[in-house]
Amino acid sequence: MPAASSSSPPPTGTGTRAGITKLTNGRLAINDALIPSDLFINSQTGKVIEPSANDTLIVPDITIDLRNRIVSPGLIDCQLNGAFGFNFSSFTSSAEYVQNVHTLNTKLIRTGVTSYLPTLTSQTPELYHFVLPHLGPLPLISDTSNNTSTNTSNVTTSPSTFNSSINRKIHRNPQNGSESLGVHVEGPFLSPFQHGIHDLSVLCAANSWKDLEQVYGSSHLSNGAIKMITVAPELGSITALIPSLVSNGIVVSLGHTECTFPEAAAAVGSGAKMITHLFNAMRPLHHREPGLFGLLGAPEEQQKKGLYYGVIADGIHLHPTVVSLAYNLRPQGFILVTDAMHLVGMEDGKYEWVNGGKTEWIEKRGSKLCIVEPPPSASSSSSSPTSSPTALASPLESALSSGTSLQEEGHQNGNVNGDGQAQSAKTNGRNKNGEVKDGQKKKWGGIAGSSATLLECVNNLLQWTGMSVPKALTSVTSTPAEMLGLKGVKGSLQPGADADLVVFEEVEVEVEDLLGGGGRVKRKQLVVDEVWKFGVRVFVRDGNGDGTDCFGGFGAR
Ligand SMILES: CC(=O)N[C@@H]1[C@@H](O)[C@H](O)[C@@H](COP(=O)(O)O)O[C@@H]1O
């Protein structure tokens, strides 16, 4: 583990080095407050530590003056499809894939995101089987010394063979950059009437655990690789399968759905606790059939286990006042997510994307991403899966009482007439612009995820609402950690938590008062100055060094 080098100022403590750093003169973001306090961290254990043990004051190897800057737990993104040119659904070879994931991790951490859920839009079973072994809380390493996570041979074996051949170890290595907390599989058990830009041909319904195993591979449902699954609760028997998912440590999130309120409530009763990008890719709130939104109307005492919801505050997906409204529905469940695609950090232009069984194109114009027709030079090609994705038609079809294809008829209770009665999507499906919605046809021009970083979303929230910095930070630190069952481990500055930290400089800007009826207002914005992973400083913003070392080497001193 790296220790302070000779170029560091002399430690203020004495004795042998124990890998302890004292961050002093900082303001710690804890709950809703910024608390002036020292923070002690241990680079050997990678944890935040108590300033004293057995009544003996801990002697730090080094003390760093934070000059009144803000110390936050590292940010957590629960929905990240890719960034910096790489999408998690792009698989060529295992070696290349592992390298691409590593590169993404080392870049992502510079944005303040120290852990995240790599997210896969609806894909073919073959793709899940190939990529899931590489995306879990990795790196997984094998028992044999010459068979590391970068060894590609594992991946060509069946998932069960793969699982039994490895010894799961999580490297707490700061050099790995941002850390996967497990995969978020957003699909393919989603409504064809709220598919957004997901490929209709791979959507399906699950009627048994076997259907889930067929899609993801049985080992990935039980070995921690999958941490979250987004499902439409009205499809097939997925609601009955939620308890099994939960007992395997998987968070069930509801989204891309036409569900009614009773269907949503039944799913929560079965153990679902999250909503995927609230407002986007779901039927809008109807005052006589509130659908998924009805869950947020339940009194707090009925939400004993808590209900959480992701919100994309990129300035494209939702109007600022809708973000503010979403926050006020249940602040303790509000989680900012990016839903970012590989176009984050890229120039404007058209980029390929593996969408289910096809190669498609996304165009970036400014911060907006849209799915577009392929450029004339490119042909929309099949990704040549080794077995046909139509094999999934059987669970999908058997989900329908009439045996009618979902793509033809839609969810029978999925839409609501003027009296709030559920009715066929075919007769009443309308999009939010009031236009008749067609669940079957690809809508060129549809929003295709975001190109925002999580910090940009935090800064938007600060700018639009004027809420306090620590409050905004809980939506990307302690709240997602709690939702993932990692309270006190991630997203926390309490002793015992992983010392994943971001040091922020706070700047004040004057912006248009979007929610207050015009005029100009002063708002706080955050800039990443430093990032620490497992107690080791891995990034320092250019020109912002304080003379002490940046051990990880991802950023300038
Ligand atoms: C990666 C992904 O699937 N992202 C969804 C997208 O599918 C959907 O089209 C969009 C807008 O949804 P809306 O038109 O319902 O607001 O939201 C998200 O970007």
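We're numbering straight along the sequence, starting at 1.
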Are side-chain heavy atoms of [X] and [Y] found at a separation under 4.5 Å?
| X | Y | answer |
| --- | --- | --- |
| Tyr116 | Leu104 | yes |
| Thr321 | Leu514 | no |
| Met228 | Leu484 | yes |
| Trp353 | Ser89 | yes |
| Met341 | Asn87 | yes |
| Val502 | Leu526 | no |
| Asn68 | Asn25 | no |
| Ile335 | Met274 | yes |

Around atom CG of Asn31, are there more than 12 heavy atoms of other residues, nucleotides or ligands at under 6.0 Å?
no
Report, as yes or no, whether the 6.0 Å neighbourhood of atom NZ on Lys47 holds more than 12 heavy atoms from other residues, nucleotides or ligands.
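Atom NZ in Lys47 is crowded, with more than 12 foreign heavy atoms closer than 6.0 Å.
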Take Asp38 and Thr24 through the side chain to side chain donor-acceptor pair (under 3.5 Å) test and state the conclusion after the steps.
CA-CA 5 Å; Asp38 295 338; Thr24 195; 2.7 Å; yes
[X] (side chain) donor-acceptor with [Y] (main chain) under 3.5 angstrom:
| X | Y | result |
| --- | --- | --- |
| Ser253 | Ile229 | no |
| Arg283 | Cys259 | yes |
| Arg330 | Leu307 | yes |
| Arg523 | Gln463 | yes |
| Lys533 | Thr114 | yes |
| Ser180 | Gly136 | yes |
| Asp61 | Gly19 | yes |
| Ser178 | Ile109 | no |
| Glu50 | Pro495 | no |

Out of curiosity, [X] [atom1] to [Y] [atom2], how far, rounded to the nearest 0.5 Å?
| X | Y | atom1 | atom2 | answer |
| --- | --- | --- | --- | --- |
| Leu117 | Gln79 | CG | CD | 9.0 Å |
| Leu318 | Asn280 | CG | CG | 5.0 Å |
| Leu254 | Leu295 | CG | CG | 6.5 Å |
| Gln494 | Leu28 | CD | CG | 9.5 Å |
| Thr106 | Asn176 | OG1 | CG | 9.5 Å |
| Thr338 | His317 | OG1 | NE2 | 9.5 Å |

Can you find a side-chain donor-acceptor pair between [X] and [Y] that sits under 3.5 Å?
| X | Y | answer |
| --- | --- | --- |
| Glu263 | Thr260 | yes |
| Glu186 | His277 | yes |
| Thr453 | Thr111 | no |
| Ser478 | Glu482 | no |

Report the C-alpha distance between Glu179 and Arg172 in whole Å, list the side-chain angles of each, state the deciding distance to 0.1 Å, and finish with yes or no for salt bridge (charged side-chain N to carboxylate O under 4.0 Å, His left out).
CA-CA 9 Å; Glu179 174 196 6; Arg172 294 171 59 83; 5.8 Å; no
Could you report the tightest heavy-atom contact between [X] and [Y], atom names first, then the distance?
| X | Y | answer |
| --- | --- | --- |
| Tyr327 | Tyr309 | O-OH, 3.7 Å |
| Leu39 | Leu493 | CD1-O, 3.7 Å |
| His184 | Cys78 | ND1-O, 3.1 Å |
| Thr230 | Leu190 | O-CD2, 3.5 Å |
| Val311 | Ala326 | CG2-CB, 4.0 Å |
| Ala452 | Ala340 | O-CB, 3.7 Å |

Identify whether the distance between the nearest side-chain nitrogen and carboxylate oxygen of Arg69 and Glu505 falls below 4.0 Å.
no
Inspect the contact between Asp513 and Arg520 and indicate whether a charged nitrogen and a carboxylate oxygen are less than 4.0 angstrom apart.
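Looking at Arg520 and Asp513, the cut-off is not met.
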Scan residues 340-350 for pairs that pass salt bridge (charged side-chain N to carboxylate O under 4.0 Å, His left out), counting only residues two or more places apart or in two chains.
Asp348-Lys364
Suppose we screen for salt bridge (Lys or Arg N to Asp or Glu O under 4.0 Å). Which residues come up paired with Asp32, at least two apart in sequence or across chains?
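If we apply the salt bridge (Lys or Arg N to Asp or Glu O under 4.0 Å) test to Asp32, skipping adjacent residues, there are no hits.
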Applying side-chain contact (heavy atoms from CB on, under 4.5 Å), run through Phe534 and Asp500 and close with a yes or a no.
CA-CA 5 Å; Phe534 297 133; Asp500 298 351; 3.8 Å; yes
Can you say whether the rings of Phe279 and Phe293 are parallel (under 30°), tilted (30 to 60°) or perpendicular (over 60°)?
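Phe279 vs Phe293 ring planes: tilted.
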Starting from the C-alpha separation in whole Å, work towards a yes-or-no answer on ring pair (Phe, Tyr, Trp, His ring centres under 6.0 Å) for His256 and His195.
CA-CA 6 Å; His256 284 272; His195 66 105; 8.3 Å; no
Worked verdict on Leu135 versus Leu120 for side-chain contact (heavy atoms from CB on, under 4.5 Å)
CA-CA 10 Å; Leu135 290 177; Leu120 293 167; 4.2 Å; yes
Trp464 vs Leu462, test: side-chain contact (heavy atoms from CB on, under 4.5 Å). Steps then yes/no.
CA-CA 6 Å; Trp464 298 336; Leu462 290 169; over 6 Å; no
Side chain to side chain donor-acceptor pair (under 3.5 Å) between Asp314 and Asn460, worked out
CA-CA 7 Å; Asp314 65 340; Asn460 284 339; over 6 Å; no
Stepwise, does the side chain to side chain donor-acceptor pair (under 3.5 Å) test hold for Glu363 with Trp361?
CA-CA 7 Å; Glu363 182 167 30; Trp361 292 80; over 6 Å; no
Between Glu508 and Lys524, does a side-chain contact (heavy atoms from CB on, under 4.5 Å) hold up when you go through it step by step?
CA-CA 5 Å; Glu508 199 166 64; Lys524 296 279 172 25; 4.0 Å; yes
Given His102 and Gln175, is the side chain to side chain donor-acceptor pair (under 3.5 Å) satisfied, shown in steps?
CA-CA 10 Å; His102 180 74; Gln175 300 293 335; over 6 Å; no
Identified side chain to side chain contact (heavy atoms under 4.5 Å, CB included) counterpart of Ile41 within the set Leu501, Ile20, Asp498
Leu501
